[in-house]
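Working notes, beginning with the structure itself.
As the structure lists them, so they are numbered: ligands from 1, and atoms in each ligand from 1.
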Amino acid sequence: MKIAIMGAMPEEIAPILEKLGTYKTTQYAKNNYYEASYKGVDLVIAYSKIGKVFSTLTATTMIEHFGAEKLLFSGVAGAISPALKVGDLVVATKLSQHDLDITAFGHPFGYVPEGSVYVETDKELIALSKLVAHEMNKNVKEGVIATGDQFVANEERKNWIGATFSADALEMEGASVAVVCDALDVPFFILRAISDAADMDASFSFDEFLQTSAQESAEFVMKMVDKLAR
Ligand code: 3QA
């Protein structure tokens, strides 16, 4: 089995590469892809660079070029739900693009013809994550994640996204990865650890907690890989 593990930023996959130690680096489409064999499964790992376009390219490449059969995303996110604090883990049940807007034609936010407002993640991978959460004695929240090409550092925008999409957390890549995996029929899982509250202090909080939160997420995702390897 071949599993893709992706992040958006170098910091989001660094803990995973560190754990592997050795891997093969291949350049493709102006990005680096890292391949390794881990506990009997083949892994392809990459960070896409930030945003929906780069993450679409990377997810597609991992599936179509490298042959990934499952995709796990690991990274950080801004919290919308006040219940989510820095370092908390969120598993996406479904994702939406908060900046997709053809409402001028009477359509809801996040919708375009032949698409859907939400893309749901794989039920089996969510079930597996519950097992891992239990074993690690970690409190993992399931929730809706909203994605858009904006670093949100504004209470008003954050609350609008929360209200419009019933979203618990926001980031910049999950929903585009979801669209790719759904279209190509590849089970996928999106995990994020909170780095900030998408408010006026977001950039400072992000800079302070990117590494530790990315590490939290990466550790959890590798435990998922351990389970999938069996
Ligand atoms: C932000 C990263 C992008 O890949 C999305 C982090 C955490 N908090 C967020 C927020 N709004 C939107 N997304 C997020 N990731 C990239 S900008 C900083 C880049 O550093 C999730 C995320 N509030 C550049 C150094 O100059």
If you measure from the Lys or Arg side-chain nitrogens to the Asp or Glu carboxylate oxygens, is any gap between [X] and [Y] under 4.0 Å?
| X | Y | value |
| --- | --- | --- |
| K123 | E120 | yes |
| R192 | E173 | yes |
| K39 | D226 | yes |
| K52 | D99 | yes |
| E216 | K138 | yes |
| K141 | D88 | no |
| K94 | E142 | no |

Worksheet item: Against heavy atoms of A8, which atoms of ligand 1 measure under 4.0 Å?
Response: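 Atoms satisfying the 4.0 Å criterion: 4 (O).
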Item to complete: Go through ligand 1 atom by atom and flag the ones less than 4.0 Å from a non-hydrogen atom of A198.
Response: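 The list of qualifying atoms is 23 (N).
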From the candidates [options], the one that places a heavy atom nearest [atom]:
| atom | options | value |
| --- | --- | --- |
| atom 10 (C) of ligand 1 | F54, F151, Y47 | F151 |
| atom 4 (O) of ligand 1 | M172, E11, E173 | E173 |
| atom 20 (O) of ligand 1 | K49, K158, H98, M9 | M9 |

Worksheet item: Does the gap between the ring centers of H98 and F109 come in under 6.0 Å?
Response: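 They do not qualify: ring centres at least 6.0 Å apart.
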Looking only at protein heavy atoms, which one is nearest to [atom], and what is the separation?
| atom | value |
| --- | --- |
| atom 12 (C) of ligand 1 | Q150 O, 3.4 Å |
| atom 8 (N) of ligand 1 | D196 OD2, 2.6 Å |
| atom 16 (C) of ligand 1 | I50 CD1, 3.4 Å |
| atom 6 (C) of ligand 1 | F206 CE1, 3.4 Å |
| atom 15 (N) of ligand 1 | V76 O, 4.0 Å |

Worksheet item: Considering distance alone, does some N or O of V152 sit under 3.5 Å from an N or O of ligand 1?
Response: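 Min N/O separation from ligand 1 is below 3.5 Å for V152.
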Practice prompt. Could you tell me whether E171 and ligand 1 have an N or O pair separated by under 3.5 Å?
Written response: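 No, there is no polar N/O contact under 3.5 Å.
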Worksheet item: Is any heavy atom of the protein nearer than 4.0 Å to atom 26 (O) of ligand 1?
Response: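 False for atom 26 (O) of ligand 1.
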Item to complete: Measure the shortest side-chain to side-chain distance between I3 and E69 over non-hydrogen atoms and say whether it is less than 4.5 angstrom.
Response: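 Not in contact.
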Discussion item. Is the contact between S195 and ligand 1 made by the side chain, the backbone, both, or neither, using heavy atoms and a 4.0 Å cut-off?
Written reply: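 Side chain only.
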